Undergrad: 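My questions all concern the structure below.
Computed from a prediction, not measured in an experiment: that's the story for all the values here.
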Amino acid sequence: MMISRKPAHFGWNASLLALILVAMRCLIGCGEDSLRMPRVPVSGRVTIDGQPLAEATVVFLKKGGLADPNADAPRGVTDQDGRYQLSTYAENDGAPQGEYLVGIITAPNTEGLVKRDDPLKGRYANPETSGLTFTVPAEGSDQANFDLQAVK
């Protein structure tokens, strides 16, 4: 007499395997973007004494998020006309809605060993002490403009 034994937990094992496969697919398919804050387009212009400020880095730091070293910091670099677009996770993807402290950093140009003076002398580099703020509205903005004064 031949007795066929079917594993007693076959149904449970198949269900567990299906659950694991679905979870893995979600983890792979959902990607990191599902964990990121939604972004809206943000752009503007930086001027110094009314003239465009080129090659400056504009950094937005979320108010209240200063204690978190892993907090997102949307940033952009000004072009020759002083215009910039913010990027948080990918190029020009914007910034999450909210209130921000803003820092603007200029660095000496060392390309070709030509140095330029820093017209801001670090005055606006630290978002916590720069005095610059901006609120990103739900619909985004193309008016994140900053008119700075040269530091003598």
Undergrad: Going through the distances and angles, do Val46 and Ile104 end up as a side-chain contact (heavy atoms from CB on, under 4.5 Å)?
TA: CA-CA 9 Å; Val46 178; Ile104 300 177; 4.1 Å; yes
Undergrad: Around atom CD of Glu91, are there more than 12 heavy atoms from other residues, nucleotides or ligands closer than 6.0 Å?
TA: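 Check fails, neighbour count at 12 or below.
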Undergrad: Do the non-hydrogen side-chain atoms of Leu53 and Pro119 ever get within less than 4.5 Å of each other?
TA: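 Sidechains of Pro119 and Leu53: in contact.
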Undergrad: Ala125 and Pro127: which non-hydrogen atoms are nearest, and at how many Å?
TA: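 Closest approach of Ala125 to Pro127: O-CD, 3.3 Å.
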Undergrad: Evaluate the side-chain contact (heavy atoms from CB on, under 4.5 Å) criterion for residues Val40 and Val136: first the C-alpha distance (whole Å), next the side-chain angles of each, then the deciding distance (0.1 Å), finally the verdict.
TA: CA-CA 8 Å; Val40 293; Val136 174; 3.5 Å; yes
Undergrad: Could you check if a side-chain atom of Asp142 sits within less than 4.5 angstrom of a side-chain atom of Ser43, using non-hydrogen atoms only?
TA: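 Yes - at least one pair of side-chain heavy atoms lies under 4.5 Å apart.
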Undergrad: Suppose we screen for ring pair (Phe, Tyr, Trp, His ring centres under 6.0 Å). Which residues come up paired with Tyr100, at least two apart in sequence or across chains?
TA: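 Partners of Tyr100 by the ring pair (Phe, Tyr, Trp, His ring centres under 6.0 Å) criterion, ordered by chain and then number, come out as Phe60.
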Undergrad: Looking at every heavy atom in both Leu86 and Gly76, which two are closest together, and how far apart are they?
TA: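 Smallest heavy-atom distance, with atoms named: CD2-N, 3.9 Å.
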Undergrad: Find the distance between OH (Tyr89) and CE (Met37) and round it off to the nearest 0.5 Å.
TA: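 Output value for this atom pair is 7.5 Å.
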Undergrad: I'd like to check Leu120 versus Ile48 (side-chain heavy atoms, cut-off strictly below 4.5 Å). Are they in contact?
TA: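 They are in contact (side-chain heavy atoms under 4.5 Å apart), so the answer is yes.
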Undergrad: Any side-chain heavy atom of Thr106 sitting closer than 4.5 Å to one from Lys121?
TA: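 Not in contact.
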Undergrad: Should Pro96 and Pro74 count as side-chain neighbours, where that means a heavy-atom distance under 4.5 Å?
TA: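 Pro96 reaches Pro74 side chain to side chain.
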Undergrad: Would you say the side chain of Gln80 lies within less than 4.5 Å of the side chain of Glu55, judging by non-hydrogen atoms?
TA: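 Yes, close enough: below the 4.5 Å cut-off.
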Undergrad: Could you give the distance from OG1 (Thr88) to CG (Asp93), rounded to the nearest 0.5 Å?
TA: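 Interatomic distance, Thr88 OG1 to Asp93 CG, rounded to 0.5 Å: 5.0 Å.
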Undergrad: Please output the side-chain donor-acceptor pairs of residues 144-151 that fall under 3.5 Å, not counting sequence neighbours, one pair per line with the distance.
TA:
{"residue": "Asn145", "atom": "OD1", "partner": "Arg45", "partner atom": "N", "Å": "2.8"}
{"residue": "Asn145", "atom": "ND2", "partner": "Gln143", "partner atom": "OE1", "Å": "3.2"}
{"residue": "Asp147", "atom": "OD1", "partner": "Thr47", "partner atom": "OG1", "Å": "2.6"}
{"residue": "Asp147", "atom": "OD1", "partner": "Gly50", "partner atom": "N", "Å": "3.4"}

Undergrad: Between Val102 and Tyr124, is there a shared hydrophobic cluster once you connect ILVMFWY residues whose side-chain heavy atoms come closer than 4.5 Å?
TA: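 Val102 and Tyr124: one cluster.
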Undergrad: State the NZ-CD distance between Lys62 and Gln97, to the nearest 0.5 angstrom.
TA: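 Lys62 NZ to Gln97 CD: 7.5 Å, rounded to 0.5 Å.
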Undergrad: Look up atom CG in Leu61 and atom OG in Ser130, then write down how far apart they are to the nearest 0.5 Å.
TA: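 Going from the CG atom of Leu61 to the OG atom of Ser130 covers 10.0 Å.
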Undergrad: Can you measure from NZ (Lys63) to CG (Leu101) and round to the nearest 0.5 angstrom?
TA: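 Between atom NZ of Lys63 and atom CG of Leu101 there are 6.0 Å.
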Undergrad: Check Asp79, Val58, Thr57 against Tyr84 for a side-chain contact (heavy atoms from CB on, under 4.5 Å) and give me the one that passes.
TA: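 Testing each of Asp79, Val58, Thr57 against Tyr84, the sole residue satisfying side-chain contact (heavy atoms from CB on, under 4.5 Å) is Val58.
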